[in-house]
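Inspection log for the structure reproduced underneath, given as structure tokens.
Every heavy atom of this structure was used, including side-chain atoms; hydrogens, water molecules and symmetry mates were not. By convention here, the first residue in the shown sequence is residue 1. Everything numeric here is computed off the predicted structure, so don't read it as measured data. For ligands, and for the atoms within them, numbers begin at 1 and follow the listed sequence.
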Amino acid sequence: MFTVKNESMLQQETPCLIVGLYDRPLKFAGELATLDELFNGELTELVKEGDLSAKSKKVAIVPTLGKMPAKRLLFVGLGKEKQADFHEMKEAIGGAFIKSKHLGLTSVAVALDSFVCEEISAEDAAQAFSEAFGLATYEFKGYKQASNEPEKKVEQLTVLTKAESEAVQAALQVGYVLSQGTNSARTLVNTPGNMLTASDLAAYAEQLAVKYGFEVEILEKADMEKLGMGAFLAVNQGSTEPPKMITLKYQPKEEWTDVLGLVGKGITFDTGGYSLKPKDGIVGMKTDMGGAAAVLGAMEIIGELKPNQNIVAVIPSTDNMVSGHAFKPDDVITSMSGKTIEVLNTDAEGRLVLADAMTYAKHHGANYLIDVATLTGGVIVALGTDKTGAITNNEELFEEVLEASFEAGEFIWRLPLTEKDKKRIRNSSIADLNNSPGRDGHAIMGGGFIGEFAEGTPWVHLDIAGTADTNKGGALGPAGATGAMVRTLALLAMRRNEE
Ligand code: BES
Ligand code: ZN
Ligand code: ZN
């Protein structure tokens, strides 16, 4: 898919040559100057007239009319060189791929060195390029009857650079792997609840395990009953679909110590149960396994890039349904940890399945816990749909997660969890905890509840209710599932490898 060549862009035969344009202020230097000469200074004229702009994320097509082997130039605006930013560059490149797709191109070349500046090395540019390529060209096929138009997408990428080709090739691979793990999560989240049950999710995890040599364990209902997973089982009570507790283990180290636990909410559809969601709020609840998808997407990347970090991934999966068997408000249930829970709201089910998953991850030796969940509508009210809400009991671990999120280009914002908040979670006349202390601050209540099951273990909670999907497509992906937190989790594992 990627071919790296130490050749000049002026010689490359291609239907489309992608060229980065910095505002330096804009002048054509180096190979770009030769290019401008080839066009008798017409490119400079295009800039003057505003047809060609180095403004960040602007794209413009210039046909070469036989002046060079490339058929057309696709200029990508990169903004001021001094302010060059890796994530902004990915968006700019994403825009170029969307343009290429609209043009029906199947093969493009890129003048990689035109993307390089003081802040961005050739390797950075290569990673930005392949990551943006993978993310921007993602499509969820859906279930419409096949149209007879043949599908065209960019499949062949030629990367022209003076930089060392092996390093560039390696960076291209990393970016591509990051995009593919994200896209796998997107596909899982986009798949409707009738086509992705807990059993389907378990089968998917088993396939990943086979591909990457992970250890896999799927707990069945009877196993969970033996282990006393009363919180998880309560949520499954109303369902005709069997619950699955999915565990994947990746052990690159000799000893099973220093284990990072990734716990993902895997509710394949959330009706709310007897605390039924309103008819508008229920649509879209196929995305309630976004946490599970983020963990599985990250595991795919981990399987490819093989960081030296022990990891256990735990995914409690079921749907949350209504029936004569379903659990009800007022029920008191007993979690695997022994803590009892008064159910005040059956729609606050994520924290219940995660409670047992957290305990189970610790049971499997997790020394650090990250939970990822489409947990609360409250986080959307608090932070909007472009920021993942975080809660922690450990500054150091949170700092690591935050650093990984910077590297991934994913926005995380921390919410407080005070002793007063914990009191509200522990306020029940009949049990140790209650699962819904009220609407005020409820993103904090949801996260804080899960924290009760971390006990002393360093823990970070990531609420992706707002970020797991989007109703607006962008340069790095269409509307629908986003694959939020896949890259943050994977890069967290990669960073711990470097320690
Ligand atoms: N799955 C929902 C949260 C959600 C809301 C995800 C919107 C994506 C978009 C969760 O299980 C839920 O229903 N939470 C309740 C909690 C409340 C009952 C305390 C909520 O947010 O209203
Ligand atoms: Zn719910
Ligand atoms: Zn839910």
Side-chain angles (χ1 to χ4, degrees), residues 189-190 193 196 198 201 231-232 234-239 243 263-294 315-322 326-331 341-357 371-389 391 415 421 424-425 427-428 433-450 452 461-471 479-482 484-485:
V189 173
N190 283 329
L196 189 88
L201 207 57
F232 181 19
V235 176
N236 175 255
Q237 251 169 244
S239 180
V263 181
K265 173 176 173 181
I267 298 292
T268 56
F269 194 81
D270 183 12
T271 68
Y274 273 96
S275 312
L276 194 62
K277 286 187 181 294
K279 63 180 181 300
D280 294 330
I282 207 166
V283 176
M285 277 303 139
K286 67 173 182 181
T287 63
D288 215 15
M289 32 58 72
I315 293 166
S317 187
T318 175
D319 45 7
N320 183 22
M321 304 296 283
V322 184
F327 77 137
K328 312 173 292 302
D330 283 355
D331 284 359
I341 304 159
E342 179 182 10
V343 177
L344 294 179
N345 192 322
T346 60
D347 197 12
E349 84 299 337
R351 65 200 75 183
L352 298 177
V353 302
L354 289 167
D356 283 341
D371 81 82
V372 198
T374 46
L375 201 75
T376 66
V379 83
I380 309 176
V381 177
L383 301 177
T385 55
D386 57 349
K387 298 165 213 81
T388 292
I391 294 176
L415 302 170
D421 295 327
R424 286 176 63 197
I425 295 163
N427 178 28
S428 166
L433 305 170
N434 79 81
N435 82 330
S436 182
R439 291 214 66 82
D440 46 319
H442 87 257
I444 295 172
M445 295 302 128
F449 183 94
I450 297 166
E452 293 290 319
H461 161 68
L462 297 171
D463 191 337
I464 57 170
T467 48
D469 64 341
T470 172
N471 48 23
T482 58
M485 290 299 116

Could you list which atoms of ligand 1 come closer than 4.0 Å to a heavy atom of Thr374?
1 (N), 2 (C), 3 (C), 6 (C)

Side-chain donor/acceptor of Asp319 to backbone N/O of Met321, under 3.5 Å
no

Can you confirm whether Thr271 sits close enough to Lys277 that some side-chain heavy atom of one is under 4.5 Å from a side-chain heavy atom of the other?
no

Would you say Asp331's side chain and Val343's backbone share a donor-acceptor pair under 3.5 angstrom?
no

Between ligand 1 and Glu349, is the shortest N or O to N or O distance under 3.5 Å?
yes

Test your reading of the structure: does Gly377 have an N or O sitting under 3.5 Å from an N or O of ligand 1?
yes

I need the atoms of ligand 1 closer than 4.0 Å to a non-hydrogen atom of Lys265, numbered in the order shown.
1 (N), 10 (C), 11 (O)

I'd like to know if the side chain of Thr482 pairs up with that of Thr470 as donor and acceptor (distance under 3.5 Å, no hydrogens or angles considered).
no

Please list, chain by chain and in numerical order, all residues satisfying ring pair (Phe, Tyr, Trp, His ring centres under 6.0 Å) with Phe232, sequence neighbours excluded.
none

One residue to check: Arg351. Relative to ligand 1, which of side chain, backbone, both or neither has a non-hydrogen atom less than 4.0 Å away?
side chain

Contact between ligand 1 and Ser436 is defined here as a heavy atom of the residue under 4.0 Å from a ligand atom; is it met?
yes

Examine the proximity of ligand 1 to Leu375 and report which part, side chain or backbone, both or neither, has a heavy atom under 4.0 Å away.
backbone

Would you find a donor on one side and an acceptor on the other, under 3.5 Å apart, between the side chain of Asn435 and the backbone of Ala348?
yes

Of all the non-hydrogen atoms in the protein, which one sits nearest to atom 15 (C) of ligand 1, and at what distance?
Asp347 O, 4.1 Å

Are any of the side-chain nitrogens in Asp288 or Lys265 under 4.0 Å away from the carboxylate oxygens of its partner?
yes

Taking Ser275's backbone N and O only, do any of them form a donor-acceptor pair with Thr346's side chain (distance below 3.5 Å, no angle check)?
yes

Taking distance alone, with no angle check, do Thr376 and ligand 1 share an N/O pair under 3.5 Å?
no

Which of the numbered atoms in ligand 1 are under 4.0 angstrom from any heavy atom belonging to Met285?
1 (N), 4 (C), 5 (C), 6 (C), 7 (C), 8 (C), 9 (C)

I'd like to check Glu349 versus Thr318 (side-chain heavy atoms, cut-off strictly below 4.5 Å). Are they in contact?
no

Yes or no on side-chain contact (heavy atoms from CB on, under 4.5 Å) for Asp463 and Leu383, after CA distance, side-chain angles and deciding distance?
CA-CA 10 Å; Asp463 191 337; Leu383 301 177; over 6 Å; no

In the structure I gave you, are the side-chain heavy atoms of Leu354 and Pro316 within less than 4.5 Å of one another anywhere?
yes

Could you list which atoms of ligand 1 come closer than 4.0 Å to a heavy atom of Asn345?
18 (C)

Which ligand 1 atoms does Asp270 reach within 4.0 Å, using its non-hydrogen atoms?
1 (N), 2 (C), 10 (C), 11 (O), 13 (O)

Does an N or O anywhere in Lys277 fall below 3.5 Å from an N or O of ligand 1?
yes

So which protein N/O/S atoms does the Zn ion (ligand 2) have within less than 2.8 Å?
Asp270 OD2, Asp347 O, Asp347 OD1, Glu349 OE1

Inter-residue atom distance Asp347.CG - Leu276.CG, 0.5 Å rounding:
8.5 Å

To the nearest 0.5 Å, what is the distance between CD1 (Ile450) and CD (Glu452)?
11.0 Å

Go through ligand 1 atom by atom and flag the ones less than 4.0 Å from a non-hydrogen atom of His442.
19 (C), 20 (C), 21 (O), 22 (O)

Between Asp288 and ligand 1, find which residue part has any heavy-atom pair under 4.0 Å and reply side chain, backbone, both or neither.
side chain

